[in-house]
There are 2 protein chains.
Amino acid sequence: MLALSDTCTAAITGRGGLCACLNATLLGRLRAVAGDVRLEAGEVLFAAGSPADALYGVRHGAVMLCSWVGQERRQILSFHFSGDMVGFAAGPNHHATAIALGRASLCRIPEAEMDQDGALRGHVMGIVQRNLAQSLDMQVRLGRMSAAERVRALLVELHGRLGGGHELHLPMRIAEMADYLGLRPETVSREMSALRHDGIVGVFSPDGMLPILRPEAL
Amino acid sequence: MLALSDTCTAAITGRGGLCACLNATLLGRLRAVAGDVRLEAGEVLFAAGSPADALYGVRHGAVMLCSWVGQERRQILSFHFSGDMVGFAAGPNHHATAIALGRASLCRIPEAEMDQDGALRGHVMGIVQRNLAQSLDMQVRLGRMSAAERVRALLVELHGRLGGGHELHLPMRIAEMADYLGLRPETVSREMSALRHDGIVGVFSPDGMLPILRPEAL
DNA sequence: CGATACATTGAGGAGGGTCAATCCGGGTGG
DNA sequence: CCACCCGGATTGACCCTCCTCAATGTATCG
């Protein structure tokens with residue numbers, strides 16, 4: 001259980017994950033040191049302030065990175081799905097809290113492993129840069145887009161990251177979408193209703209399924 | 001002019017800049033390959049879509065990273081002052097435009113140089129991670145803070161980054177602060193007036209000087 | 001079948017956007 | 001030396017988007 005499972009390799013190899021493009025030697029080294037983490041919905045992977053001593057690769061499920069202003073106002077900084085990495089920190093400690101959105105399994109790569117391998121570092125560098133680009137995108141949405149535009153942008157993003165098609169399985173609730181988009185749940189719900197009335201999406205079923213009737217209209 | 005000047009070294013060594021903590025050998029190598037860029041106010045360092053083939057270190061002056069929604073709505077993603085680095089991109093091309101806020105001078109380090117040195121790469125990695133943390137902070141501000149809180153947060157940030165004291169030299173106009181904070185210039189001006197009425201700051205003179213009367217009250 | 005959790009919808013209010021007038025300092029030209 | 005102008009900051013009045021609060025609907029679970 002301490003080695004990267006085959007399913008992990010399959011999952012993490014896709015879409016620019018950590019293990020993609022690594023040669024057999026490196027992959028073997030990683031398998032040898034990677035730990036295994038399993039979380040239930042709502043469980044904390046790491047908390048803000050805790051030591052940042054490992055990177056995590058999402059095998060199955062989804063994880064979100066959260067930050068709080070006071071005790072009440074939550075901002076979700078990012079969603080991480082199968083194949084994504086979480087756990088980067090600028091300093092010795094995490095500045096945000098990572099929480100599982102549903103049942104999730106991840107592999108854990110100790111920080112120390114990074115220091116020993118140049119190719120690995122370079123690879124991780126690319127991932128961090130993509131995370132940065134993603135965060136800058138969010139700055140634009142939060143700073144300059146209307147509620148309707150933000151909801152559409154989220155659906156476009158998730159449609160792309162979760163593999164397109166005419167049905168989208170959203171692993172989060174309306175409340176999480178709202179806290180990601182800097183809106184209230186009621187506002188997100190209203191915008192979703194508007195998209196439904198325009199025939200762009202279908203009904204958002206409680207199990208997270210959202211039919212995308214006209215993907216191009218998003 | 002193609003070597004890092006002493007003033008550059010002095011500037012970039014501070015506060016986690018690129019050259020800080022590099023040993024003499026590395027610093028020498030960098031001096032040998034670093035180019036020199038001088039910009040007037042409003043000039044473009046690089047544009048969105050142009051090839052990302054170099055990193056830049058700000059010697060003097062200030063640079064901002066901008067993104068546009070349509071042709072009208074501008075979002076300023078970050079400000080970069082003396083000692084900061086700009087130019088990271090997730091792909092082969094820039095996703096945003098870098099513009100000088102006033103007269104600025106920078107050193108230019110070709111991308112190719114990165115690939116040849118592990119220590120250099122590791123150093124740059126730390127800088128990218130700090131940029132990411134900064135961007136995530138902005139997500140929180142833009143998503144969950146009121147206009148008053150955003151303006152105060154900006155002043156706290158600039159007060160810290162521009163070297164504290166009881167007077168702050170802001171290299172940008174109200175319009176740029178607004179586009180950074182996701183607000184309108186009128187709103188920023190109103191909040192600054194409120195801070196002035198509360199005796200926390202003084203009058204914002206046209207040359208960019210802002211007295212900070214009670215730094216602790218921010 | 002009630003209880004709970006969440007989505008949805010409605011009504012009303014507030015924060016910040018929009019538009020416009022005024023102010024203010026600096027540069028220019030007579 | 002002064003009048004004029006120009007760009008940007010400031011302030012006011014009004015309005016709109018989104019928030020707030022509350023009621024209702026709906027699916028899941030004990």
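Per chain, numbering begins at 1; letters A, B, ... match sequence-line order. Note that the coordinates shown come from a computational prediction; the quantities given were computed from them, not determined experimentally.
Distance CZ (A/R184) to C1' (C/dA14): 14 Å, rounded to an integer number of Å. Regarding A/M209, its CE atom lies at a distance of 17 Å from the P atom of D/dA27, rounded to whole Å. The nearest whole Å value for the distance from the CG atom in B/L210 to the P atom in D/dA9 is 13 Å. Per the geometry, CG belonging to B/D207 stands 14 Å off C1' belonging to C/dC24, to the nearest Å. Rounded to a whole Å, the CD atom of A/E72 is 16 Å from the P atom of D/dC19. Distance CZ (A/R144) to C1' (C/dT18): 13 Å, rounded to an integer number of Å. Atom CG in A/D179 sits about 16 Å away from atom P in D/dC18, given to the nearest Å. Look at CG on B/L183: it is 15 Å from P on D/dA9, rounded to the nearest Å.
In this structure, a donor-acceptor pair under 3.5 Å is absent between the side chains of A/Q134 and A/S78. For the residue pair B/S146 / B/E149, a side-chain donor-acceptor distance below 3.5 Å is found, with atom types taken as modelled.
Ion pairing between a basic and an acidic side chain is recognised when a charged N comes within 4.0 Å of a carboxylate O; A/E113 and A/R108 show no such pairing. B/R74 has a carboxylate O that lies under 4.0 Å from a charged side-chain N of B/E176, or vice versa, which qualifies the two as a salt bridge. In summary, A/E157 and A/R150 do not engage in a salt bridge, as defined by a charged side-chain N under 4.0 Å from a carboxylate O. A salt bridge links A/R144 with B/D179; the closest basic N to acidic carboxylate O contact falls under 4.0 Å.
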Taking Watson-Crick and G-U wobble contacts under 3.5 angstrom, with | marking pairs to another strand and [ ] crossing pairs, the secondary structure of DNA chain C is written ||||||||||||||||||||||||||||||
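Between A/F79 and A/Y180, the ring-plane angle classifies as tilted under the 30° and 60° cut-offs.
Of the candidates C/dT8, D/dT10, C/dT18, the closest approach to any side-chain atom of A/F204 belongs to C/dT8.
Shown for residues 185-201 of chain A: residues whose heavy atoms fall under 4.0 angstrom of DNA chain D, namely A/E186, A/T187, A/R190.
Summarising the geometry, atom CZ belonging to B/R59 is positioned 8.0 Å from atom CG belonging to B/L106; distances are rounded to the nearest 0.5 Å. To the nearest 0.5 Å, the span separating NE2 on B/H159 from CG on B/L170 amounts to 10.5 Å.
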